[in-house]
Amino acid sequence: MIRTRFAPSPTGYLHLGGLRTALYTYLFAKKHGGKFILRIEDTDQEREVPGAVELIYQSLRQAGLPYDEGPDVGGDFGPYIQTQRKELYLPLAMKLVDSGAAYPCFCTKEELADRREKAEAQAPGQWKYDKHCLALSKEEAQRRMQSGEPYVIRQNVPLSGTASFEDALYGHVEAPCDTLDDNVLIKADGLPTYNFANVVDDHLMGITHVMRGVEYLSSTPKYNLLYAAFGWEAPTYIHLSPVMKDASRKLSKRYGDPSFEDLLAQGYVRDAVINFIALLGWSPGDEREFFTLAELVDAFDLKGLSKAPAIFNTEKLVWFNHEYISRMALEDYLALATPWFDQVLAGKGMDYRFLAQLMHTRTEVFDRVPDQVRFLAELPEYDTALYTHQKMKTNSDLALQTLLLARPALDALPEDGFTEEAVKAALMGLCEPHQLKTGQVMWPVRIALSGQASTPGGATEIAYLLGKRESLRRVDAGIAKLKQQGEA
RNA sequence: GGCUCCUUGGUCAAGUGGUUAAGACACCGCCCUUUCACGGCGGCUACAGGGGUUCGAAUCCCCUAGGAGUCACCA
């Protein structure tokens, strides 16, 4: 039975790199009929952000990645929050002390800083803990521990040889032991460090495959020393390349890069984000690029993972989002778009359903919608140069002429029969008798109605949305504008 | 600096000794068209560099360069 885990620390919301790790971890488990587990790594109490744990639950739920075991859903391997497992770690660390794979250390931070400074003066950048406390006799160490003196427990890394492990993606990774430090396993506050808690919990929770960021790659060889000392079997490690904002910087909250939550708030749809994220650092090996979660589960394979970092390219996300939006049912679109329409059109009595039809395939990200429809609320200031369009064969003079024709044609329509079809018939009816091409009528009218070079929908749709009165008002404004210009 | 990892077009990427080196986004043309968008067609741009191995290297080996990670009582 395959068991994977996503193990974030509660320091904030779910960033996109974390989301991708969670996704891959979920996909891998589900692909193989296994379990996906959530574990909260909160051993650094100082960094913990209140409410962050709930944020993680919520994000995972919003992302559609349900976990089979976790703090809020239970499971047979709990507790799933590390601080609640506190008592587990020290006894295990003491076993390592007994076997010589670890030892208690009483050096204070000040002493350490002092020795470090001296060592750095000799050989810059070479400092490692000097195994000072390894020399203590068992009896003395025992005595000092029992006297209540603060201590930590350090891993006793051999002075020679190499430590290594097999990464499912990066292959054989090894490091010379003499470059490895005797890291702290149990901190003075009694809580385990990340590395120790990982080893212990992954084993105790029966985790078979660990997916995590490459930043842990270089500390992983040391894990195997621990597993060997315990006599435990190590899980398979799969380190994941980072998601970058550009060639040399990781996507990060600090730099204002969006979180999953932020993207949703901006009007990206969940499935588009998931689809896009899945393809950042992983490829199905064929040319498919649209995947539902279920299809991702089916297609996921470690062979498709990329070792090189991937740059988060918003343009492609926008494209995916646009595709997802275009493909959703009109009803769904209308429901999602309504609050955005309301931002500028609330109370106008606008036919949202009709507007939705126009906007449906023209929406890239919802937060751009208000700007796209704002001209419906109020006619923007515009330049009469807009009336000139080479391909439509129009210019100011001709525009004035057609607006003067369009005005009575529109006015002839009944207020309650001012439909898109009726407007279209009325305007098209002007073409033949006056020897005008369609564009020569439609272009000037649309400009007068919208004041914009490009709009969702054409002249007739906009006229309908605006209604008779407002349409006439805008046509009149256009006529006045053109006349004034003609006189000047 | 030590150790570790990475390197195909602007971006995501396929490719595991023999291909005209896929595809997508973006960009640029053209077509369609009452604007825009959609759609259709076409175009541009890549194996970091240098040595090997081989009949033959994007694919294997070495070196160089560039980038990243790590070297905490943070994860």
Side-chain angles (χ1 to χ4, degrees), chain A residues 7-9 11 41-44 46-47 105 107-109 112 123-128 150-154 167 170-171 173-176 178-181 183-195 197-198 212-221 239 241-242 244 246-250 276 279-289 303-304 306-320 322 326 358-364 372 386 389 391-392 424 427-428 437-447 450 452-462:
Chain A
S9 26
T11 54
E41 311 229 329
D42 59 346
T43 56
D44 184 357
E46 293 188 6
R47 286 211 314 162
C105 168
C107 297
T108 65
K109 288 189 179 174
L112 252 20
Q126 304 290 315
W127 164 262
K128 294 189 331 176
Y151 66 96
V152 301
I153 294 188
R154 289 181 182 275
D167 187 275
Y170 290 90
V173 176
E174 68 173 31
D178 62 7
T179 65
L180 270 22
D181 202 356
N183 285 326
V184 170
L185 267 21
I186 301 286
K187 299 184 277 188
D189 65 5
L191 283 167
T193 55
Y194 168 82
N195 292 299
N198 253 260
R212 32 137 59 162
V214 260
E215 61 268 30
Y216 302 115
L217 189 70
S218 55
S219 54
T220 310
H239 286 89
S241 61
M244 313 287 283
D246 59 35
S248 59
R249 282 176 301 176
K250 218 166 135 176
F276 171 67
L279 263 16
L280 259 192
W282 175 79
S283 159
D286 54 36
E287 288 177 15
R288 284 180 298 165
E289 52 185 352
K303 282 206 288 285
S306 166
K307 293 190 235 186
I311 297 175
F312 182 90
N313 178 215
T314 310
E315 281 173 344
K316 184 98 186 217
L317 205 212
V318 168
W319 178 78
F320 264 114
H322 176 91
S326 300
L358 298 183
M359 291 294 293
H360 190 182
T361 60
R362 282 171 245 249
T363 301
E364 294 185 310
Q372 284 176 282
L386 284 184
H389 190 278
K391 269 185 71 180
M392 293 301 116
K424 187 167 190 171
L427 293 179
M428 290 302 273
K437 302 183 77 99
T438 309
Q440 292 176 309
V441 175
M442 298 301 185
W443 180 273
V445 173
R446 193 179 59 81
I447 295 302
S450 70
Q452 290 181 180
S454 74
T455 52
T460 57
E461 286 96 345
I462 294 169

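To find a chain, count down the sequence lines: A is the first, B the second, and so on, and within it residues start at 1.
Among residues two or more places apart in sequence or in another chain, the side-chain contact (heavy atoms from CB on, under 4.5 Å) test is passed with T108(A) by E110(A), E111(A). Here D189(A) pairs with Q45(A), K187(A), L191(A) under the side-chain contact (heavy atoms from CB on, under 4.5 Å) rule; sequence neighbours left out. Contacts of D44(A) classified as salt bridge (charged side-chain N to carboxylate O under 4.0 Å, His left out), with partners at least two apart in sequence or in another chain: R47(A). A search for side-chain hydrogen bond (donor to acceptor under 3.5 Å, both in side chains) contacts involving E364(A) returns R368(A), not counting sequence neighbours. Every residue meeting the side-chain hydrogen bond (donor to acceptor under 3.5 Å, both in side chains) condition with T455(A), not counting sequence neighbours, appears here in chain and number order: R446(A). Not counting sequence neighbours, the partners of T361(A) by the side-chain contact (heavy atoms from CB on, under 4.5 Å) test are S326(A). Residues forming a side-chain contact (heavy atoms from CB on, under 4.5 Å) with K424(A) (at least two apart in sequence, or on another chain): E420(A), M428(A), T460(A). The salt bridge (charged side-chain N to carboxylate O under 4.0 Å, His left out) search around K437(A) returns none, not counting sequence neighbours.
Contact of the N198(A) side chain with the Y216(A) side chain is not registered, since no non-hydrogen atoms from C-beta on lie closer than 4.5 Å.
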* Structure fact -> Scoring nucleotides 63-75 of chain B by protein non-hydrogen atoms under 4.0 Å (B base, S sugar-phosphate only, - none) yields ----SSSS-SBSB
* To do: Could you encode protein contacts along nucleotides 24-44 of chain B as a string, one character per nucleotide from 5' to 3', using B for base contact, S for sugar-phosphate-only contact and - for no contact, with a heavy-atom cut-off of under 4.0 Å?
  => BSS------BBBBSS------
Identify each donor-acceptor pair in which a side-chain atom of residues 308-315 of chain A lies under 3.5 Å from a protein atom, sequence neighbours left out, and give them as a table.
none

* To do: For RNA chain B, produce a single dot-bracket line, 5' to 3'. Pairs: Watson-Crick or G-U wobble, both distances under 3.5 Å. Symbols: ( ) within strand, [ ] crossing, | other strand, . unpaired.
  => ((((((((.[[[..)..(....]]].(((((.......)))))....[[[[[..)....]]]]])))))))....
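At a threshold of 4.0 angstrom between heavy atoms, the contacts of P176(A) are confined to the sugar-phosphate backbone, with no base atom among them.
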